[in-house]
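Quick note: numbers below take in every heavy atom, side chains included, and nothing from hydrogens, waters or symmetry partners. The model shown is predicted, which means the values in this text are computed figures rather than measured ones.
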Amino acid sequence: MKTLQDPVSVLKGVGEKTADLLGKMGIVSVEDLMMAFPFRYEDLSLKPVAELVDGEKAAIAGQVVTEPVVHYFRGKKGNRLTFRLRADEAVIAVNFFNQGYLKKRLQLGDEVVVYGRYEQARQSLTGIRFLQFQVHETDDMAPSEVGDEQAAIYHTTQGISQKKMKELEQQVFYEYGALITEKLPEELRHHYHLMAHRDAVFQMHFPTNEQLSQSARQQIKYEELFLYAFRMVWQRHLRHHQQQGVALLYDNQALRAFIATIPFELTSGQKQVTNEISRDLRKPYPMNRLLQGDVGSGKTVVALLAMVEAALAGYQAALMVPTEILAEQHYQALQKFLEPTNYRIALLTGNTTAKMRRELLADLKNGTIDFLVGTHALIQADVVFHQLGLVIVDEQHRFGVNQRADLIAKGPEDQAVNVLYMTATPIPRTLEITIMGDMDASKLTELPKGRQPIQTLWLRPNQRQMADQKMVEELDKGHQAYLVCSLIGESEAMEAENATAIYEQVASQYAGRYTVGLMHGQLTNEEKDAVMAKFVANEIQILVTTTVIEVGINVPNATYMLILDADRFGLAQLHQLRGRIGRGTARAYCLLIADPSTDNGKERMTIMTESQDGFYLSQRDLELRGAGDYFGTKQSGLPEFHLADPVVDQVLLEQTHSDAERFALYYEEHPERYPVLTDWLNQFERSPQA
């Protein structure tokens with residue numbers, strides 16, 4: 001019995017070698033082949049010579065009126081086949097590059113169709129492909145396509161030609177097209193006048209005209225975004241209705257008393273976010289909330305209040321962070337807040353001694369430790385909590401899914417623990433919906449009182465002396481400075497300043513005046529900790545570093561940052577780096593040294609000097625660089641769509657998310673009315689009865 005999940009090897013002409021090549025393109029099943037859409041279309045409708053436009057591609061028909069000749073160049077490694085074609089009483093020169101083999105198939109007087117770019121100055125077609133010779137087909141196009149306004153062009157790989165892809169698409173639709181089923185609820189299709197899924201897929205490969213092609217593209221984009229959004233919304237629904245959580249029913253008066261011990265007033269944003277988290281913690285289902293806080297917005301205090309709420313309810317809280325430096329900073333900061341109280345907090349990292357670790361684990365298990373701060377060390381098997389009620393994961397994107405799950409699993413067996421994820425990297429609304437769609441989200445946007453905006457300047461490399469003068473001014477006030485490089489050492493692949501060379505240069509330049517330190521990712525954790533300890537203590541005044549300091553480093557006395565080759569960084573990363581300064585009450589300065597060669601790079605530098613809003617910058621970064629470059633590598637949480645693009649299709653994304661939330665309510669009441677949604681959810685082991 002045929003199914004869309006049949007391997008492509010069932011198709012005629014797909015042997016082991018071809019199947020392997022298709023597999024490299026991500027095409028494994030029949031359905032994969034159907035969804036391997038063309039990335040563009042070419043207009044192959046025959047054009048009269050009078051309508052040819054200089055520099056544009058076109059297909060023309062005519063008669064070969066000169067003997068085809070092959071000219072060789074580059075030591076016979078390259079060749080050019082030339083002849084003249086009479087079309088509409090005009091004679092056009094035709095040039096085929098590196099297709100000399102076609103000479104055997106061309107004779108004087110033959111009627112042919114050619115396709116290529118028309119160059120008026122030469123009265124010729126260049127860069128062309130041979131479309132049709134009598135009844136023969138060629139490597140790229142089939143005669144049947146001549147005359148089409150939209151001929152599909154596919155992504156291919158060596159060994160898979162355009163012709164082969166088109167043959168496979170035709171075969172798969174002939175043999176399996178009837179098995180394509182609808183994916184959207186009927187109400188949605190009618191409401192938005194969307195074509196059927198089968199028709200849309202067919203039109204993507206074999207468009208009747210441009211209008212139907214565009215309608216097909218819109219239908220598939222909507223379908224992809226809606227179905228993904230619906231699954232995320234349904235996951236949240238299941239958590240709210242079918243998961244038993246740890247309800248933290250704390251004494252609100254006791255919480256107010258603790259807040260009164262904090263030596264400053266919370267910002268209005270901190271109060272609002274704390275209330276959102278507090279409401280979640282008291283509910284019977286587990287909290288799954290993302291706290292986005294721009295750099296310096298005060299996420300640590302919000303996390304502390306959530307931890308205290310857990311302790312007041314008789315539960316423990318764990319805070320996991322990605323680095324030992326950050327763990328130590330969180331531990332010290334939280335410890336200061338907790339000094340007036342009886343709460344006990346502990347720190348667990350890879351540097352914890354064996355004796356201290358044994359004592360800590362015993363106290364954790366018997367419940368005398370209320371709060372545990374640590375790195376990946378928290379997820380080790382021998383770390384056992386007495387009663388874990390809250391897990392906080394800072395810079396959550398730096399942990400794998402399994403690592404986060406291992407810590408969450410340390411909660412009570414019969415209850416799901418509450419989870420708060422935190423990030424100082426503002427996530428654009430676009431990605432918040434697609435990646436974090438099953439979470440509730442909170443945002444901190446305002447800075448604590450007393451903080452001043454960071455003055456940001458963009459300088460060219462020849463203005464470096466000006467940057468050095470400003471640094472000396474700040475150092476002479478008793479402040480400290482960061483010099484940030486994109487590379488650790490010299491690179492043959494990239495021309496950029498490297499931290500090692502800059503360190504040697506600066507250390508020599510300021511010897512006897514300032515102490516210079518070096519920090520980069522190749523140092524051991526112990527070496528990094530030692531360098532940072534000296535910088536925190538102001539034993540180092542200038543820290544030459546790579547991006548290892550972009551998250552969590554808190555040195556209020558640092559007021560100056562120079563970023564070399566700044567155009568090599570994205571806006572979001574530049575903003576994170578800039579966030580390491582200006583953490584005290586003194587004015588801070590961030591200088592960007594860059595000479596970008598592209599408009600994109602120039603625009604990024606300009607934007608950095610104009611805005612300090614991390615949420616705005618992250619959205620602009622996403623728009624300028626695209627989702628793949630935004631994350632550096634493909635993020636596992638970022639869905640891959642065949643046609644939809646969350647950045648380009650933002651309006652459609654918002655609409656589908658709204659539709660998905662509405663349909664989740666309908667589906668909960670009458671799942672039998674929406675079998676297409678049940679089928680979709682069942683692919684991910686999700687259903688109303690799950």
Side-chain angles (χ1 to χ4, degrees), residues 1-45 59 102 105 113 115 129-184 195-210 212-217 219-221 223-224 640-643 676 679 683:
M1 182 177 176
K2 290 182 177 180
T3 75
L4 296 182
Q5 299 312 310
D6 286 349
V8 287
S9 56
V10 302
L11 298 174
K12 182 181 178 182
V14 180
E16 183 177 345
K17 181 179 178 180
T18 301
D20 288 343
L21 291 172
L22 290 170
K24 291 178 181 178
M25 296 166 59
I27 300 172
V28 177
S29 68
V30 164
E31 187 171 34
D32 292 336
L33 183 59
M34 287 181 169
M35 300 303 287
F37 297 130
F39 68 92
R40 65 182 172 87
Y41 300 90
E42 290 186 346
D43 182 359
L44 298 187
S45 57
L102 290 176
R105 301 169 60 186
V113 172
Y115 175 81
R129 289 196 295 271
F130 188 52
L131 295 186
Q132 184 183 21
F133 171 55
Q134 295 181 356
V135 296
H136 299 291
E137 297 179 2
T138 68
D139 292 339
D140 291 296
M141 300 289 179
S144 58
E145 291 182 287
V146 176
D148 287 352
E149 290 183 11
Q150 293 212 310
I153 305 298
Y154 295 88
H155 288 292
T156 58
T157 188
Q158 189 170 2
I160 302 286
S161 66
Q162 288 291 331
K163 176 184 173 184
K164 183 67 173 179
M165 280 296 294
K166 287 161 187 169
E167 288 175 347
L168 291 175
E169 295 294 357
Q170 289 170 343
Q171 183 184 168
V172 80
F173 271 92
Y174 178 76
E175 296 183 11
Y176 286 85
L179 300 181
I180 299 176
T181 57
E182 198 51 66
K183 292 182 177 290
L184 289 175
M195 64 173 61
H197 177 63
R198 180 187 294 130
D199 295 340
V201 175
F202 184 85
Q203 285 293 329
M204 285 300 301
H205 292 283
F206 313 106
T208 303
N209 52 50
E210 186 172 355
L212 286 176
S213 175
Q214 289 301 321
S215 296
R217 180 173 292 272
Q219 189 275 349
I220 290 172
K221 282 186 175 186
E223 179 180 278
E224 289 184 327
E640 289 189 34
F641 300 117
H642 294 98
L643 288 182
V676 292
D679 290 343
Q683 292 182 40

*Asks:* Taking all atoms of both residues into account, what is the closest heavy-atom pair of S213 and M204, and its distance?
*Replies:*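 Nearest heavy atoms, S213 then M204: O-SD, 4.3 Å.
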*Asks:* Please report the C-alpha distance between L184 and H197 in whole Å, then the side-chain angles of each, then the deciding distance to 0.1 Å, and finally whether the side-chain contact (heavy atoms from CB on, under 4.5 Å) criterion is met.
*Replies:* CA-CA 8 Å; L184 289 175; H197 177 63; over 6 Å; no
*Asks:* Which residue pairs pass the ring-ring contact (aromatic ring centres under 6.0 Å, His included) test when at least one of the two sits in residues 3-36, sequence neighbours left out?
*Replies:*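 Every pair satisfying ring-ring contact (aromatic ring centres under 6.0 Å, His included) with a residue in residues 3-36: there are none.
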*Asks:* Distance check, rounded to the nearest 0.5 Å: D679 atom CG versus E182 atom CD?
*Replies:*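 Answer rounded to 0.5 Å: 12.0 Å.
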*Asks:* Under the side chain to side chain donor-acceptor pair (under 3.5 Å) test, which residues partner Q158, sequence neighbours left out?
*Replies:* none
*Asks:* By the definition side chain to side chain contact (heavy atoms under 4.5 Å, CB included), identify the one residue from L168, V14, V28 that meets it with L33.
*Replies:* L168
*Asks:* Going by ring pair (Phe, Tyr, Trp, His ring centres under 6.0 Å), name the residues that satisfy it together with F202, two or more places apart in sequence or in a different chain.
*Replies:*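 F173, F206.
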*Asks:* Does some side-chain heavy atom of M165 sit less than 4.5 Å from a side-chain heavy atom of T157?
*Replies:* no
*Asks:* Can you run down the side-chain hydrogen bond (donor to acceptor under 3.5 Å, both in side chains) pairs that involve residues 13-29, sequence neighbours left out, and say none if there aren't any?
*Replies:* S29-D32
*Asks:* What pairs with T181 under side-chain contact (heavy atoms from CB on, under 4.5 Å), at least two apart in sequence or on another chain?
*Replies:*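 T181 satisfies side-chain contact (heavy atoms from CB on, under 4.5 Å) with no residue once adjacent residues are dropped.
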*Asks:* Can you list the residues that meet the side-chain contact (heavy atoms from CB on, under 4.5 Å) rule with Y176, with sequence neighbours excluded?
*Replies:*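 For Y176 the side-chain contact (heavy atoms from CB on, under 4.5 Å) partners, ignoring immediate neighbours, are K2, L4, D6, V10, L11, V30, M34, V172, L179.
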*Asks:* Between M25 and T156, what is the shortest heavy-atom contact and its length?
*Replies:* CE-CA, 3.9 Å
*Asks:* Looking at every heavy atom in both A152 and Q162, which two are closest together, and how far apart are they?
*Replies:* O-OE1, 4.0 Å
*Asks:* Might you point out which heavy atoms bring L212 and Q203 nearest each other, and give the distance in Å?
*Replies:* CB-OE1, 3.6 Å
*Asks:* My understanding is that only residues two or more places apart in sequence, or in another chain, count here; which of them pass side chain to side chain donor-acceptor pair (under 3.5 Å) with Q219?
*Replies:*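 Checked Q219 against side chain to side chain donor-acceptor pair (under 3.5 Å); matches are E223.
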*Asks:* If you look at every heavy atom in A36 and I27, which pair is closest and at what distance?
*Replies:*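 Heavy atoms of A36 and I27 come nearest at CB-CD1, 3.7 Å.
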*Asks:* List the residues meeting side chain to side chain donor-acceptor pair (under 3.5 Å) with E169, not counting sequence neighbours, and say none if there are none.
*Replies:* none
*Asks:* For E175, give me all partners under salt bridge (charged side-chain N to carboxylate O under 4.0 Å, His left out), at least two apart in sequence or on another chain.
*Replies:* none
*Asks:* Of all residues at least two apart in sequence or in a different chain, which pass the side chain to side chain donor-acceptor pair (under 3.5 Å) check with K221?
*Replies:*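 K221: side chain to side chain donor-acceptor pair (under 3.5 Å) contacts with D649.
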*Asks:* Mind telling me whether H205 and Y154 have parallel, tilted or perpendicular rings, with 30° and 60° as the class edges?
*Replies:*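 Because their plane-to-plane angle is under 30°, the rings of Y154 and H205 count as parallel.
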*Asks:* Spell out, as yes or no, whether a donor-acceptor pair under 3.5 Å connects the side chain of E224 to the backbone of L643.
*Replies:*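 Side chain of E224 to backbone of L643: a pair is present.
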*Asks:* Could I get the full list of ring pair (Phe, Tyr, Trp, His ring centres under 6.0 Å) partners for F39, not counting sequence neighbours?
*Replies:* H155
